Amino acid sequence: TGGSQRFSVVTIGSAGNEALRVYDVNNSAERFRIDSNGYVGIKESSPHLYYSPDLVVAAGAENGGITIRAAATSHNNYLMFADGSSGDTRYDGYIKYNHSGRFFDFATATNVRLRIDSSGRVGINTTSPGRRLHVYGGTGAANLGHPLILERGDSANTQIELKTDGATRGYWGVSTTANFLVYDNDTSNIQFEVLQDGNVHTNGLGTFEFNNGWSAEGRNVVVFPYNDSSNWFSFVGTNLRFTDGGNFVKPSDQGNSNW
C-alpha cells in the first residue's frame with residue numbers, strides 16, 4: 001500500500017515439506033501458515049505439534065481467542081461435531097448459543113443433554129431448569145428412580161454441605177455402613193441418624209415431634225437427650241403407633257413427663 005510492501009505470501013521449507021506463510025512485513029511477524037499436512041496456524045508456526053492440529057489459534061493478547069458473531073440477535077451460533085455429511089450425522093454432537101433466549105445448549109447423539117439458561121440455572125436432561133441445578137431423571141426402569149449420584153472416592157463418609165450467606169449451616173450424609181446422617185455445622189456432631197435397618201437415633205434434639213400419621217411399627221426410636229430435664233421430647237398427634245415389637249428406649253434416670 002502506498003508503494004510499500006505490507007504483507008508477503010510465500011512458500012517456505014524444503015521439497016515435500018513446504019508451508020504457505022502470510023508474513024506481516026511491517027511488524028516482522030508471521031500471521032498465518034498452512035503447512036504441508038494442511039494444518040492451519042494463526043499466529044502459530046507449528047500447528048502440527050498440538051493434539052488437535054487442524055486449526056491452532058495462538059492468542060495474541062490477554063483476552064485473545066475466537067469470536068463467533070451472529071448475523072442477527074434472533075439467530076443461533078453453533079459448534080458442530082460431525083461424523084458424516086448428511087442427515088443428523090452432520091450434528092451428532094454440538095454446542096449452541098441462542099442469542100434471543102441467551103442460553104447455551106450442549107448436545108450428544110443429536111439431543112440436548114444440558115442447558116445453561118440466561119439466569120445461570122443449569123438443566124441436566126431438561127431444557128427448562130426450575131432451580132440453580134435441575135436434574136431430570138426421565139421415566140422407566142432404565143433410570144432406576146435416582147437421577148443423581150454423589151460418590152466419594154475413598155471410604156470416608158459422604159456429605160452434602162448446606163450454606164446460607166456464605167456460612168456452613170449443616171450437612172447431610174451417609175456413612176460407610178449405609179446409615180443416613182444429619183450433622184450440625186460441625187461435622188463431628190451427628191444430630192440425627194437413620195440406620196440401615198430403619199432404626200432412628202437422635203442426639204440432643206430438645207423437642208422431638210412425630211406429627212399425625214407417622215408410624216413406627218416394628219422400629220426402635222432411641223433418643224440421647226441433653227443433660228437437662230427440660231430438653232426431652234414430646235409427641236404431637238393421635239395416630240402414633242408402636243406395635244409389632246416397636247420399643248421406646250430411654251435412660252432409667254430420665255423421668256420427664258413428656259415421655
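Fair warning: this is a prediction, and the values are worked out from it, not measured in the lab.
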Heavy-atom check, side chain of [X] versus side chain of [Y], under 4.5 Å:
X: Y91; Y: T110; answer: yes
X: T177; Y: L195; answer: no
X: L133; Y: I124; answer: yes
X: V182; Y: W172; answer: yes
X: S36; Y: N17; answer: yes
X: F32; Y: V40; answer: yes
X: I116; Y: F106; answer: yes
X: V112; Y: Y94; answer: yes

Shortest non-hydrogen contact between R21 and E30, atoms and distance: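 In this case the closest contact between R21 and E30 is CD-OE1, 2.8 Å.
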Residues E161, T168; criterion side chain to side chain donor-acceptor pair (under 3.5 Å); working and verdict: CA-CA 7 Å; E161 184 173 350; T168 299; 2.5 Å; yes
Working for side chain to side chain donor-acceptor pair (under 3.5 Å), residues N98 and S100: CA-CA 6 Å; N98 178 288; S100 59; 3.0 Å; yes
Is there a chain of hydrophobic side chains (I, L, V, M, F, W, Y, each step under 4.5 Å between heavy atoms) that links [X] to [Y]?
X: I95; Y: M80; answer: no
X: I68; Y: V56; answer: no
X: Y39; Y: I42; answer: no
X: Y23; Y: I34; answer: no

Just by distance, do the side chain of [X] and the backbone of [Y] share a donor-acceptor pair under 3.5 Å?
X: D24; Y: A29; value: no
X: N111; Y: A109; value: yes
X: R102; Y: H99; value: no

From CA spacing to verdict: side chain to side chain contact (heavy atoms under 4.5 Å, CB included), Y183, N157: CA-CA 12 Å; Y183 304 80; N157 294 352; 3.2 Å; yes
H134 NE2 to R115 CZ distance, which is reported to the nearest 0.5 Å: 12.5 Å
Criterion side chain to side chain contact (heavy atoms under 4.5 Å, CB included) on R6 and V25, from CA distance to verdict: CA-CA 5 Å; R6 305 299 184 189; V25 176; 5.8 Å; no
Trace of the side chain to side chain contact (heavy atoms under 4.5 Å, CB included) decision for Q159 with L181: CA-CA 9 Å; Q159 299 165 345; L181 311 172; over 6 Å; no
Within 6.0 Å of CZ in F180, more than 12 heavy atoms from elsewhere: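 Atom CZ in F180 is crowded, with more than 12 foreign heavy atoms closer than 6.0 Å.
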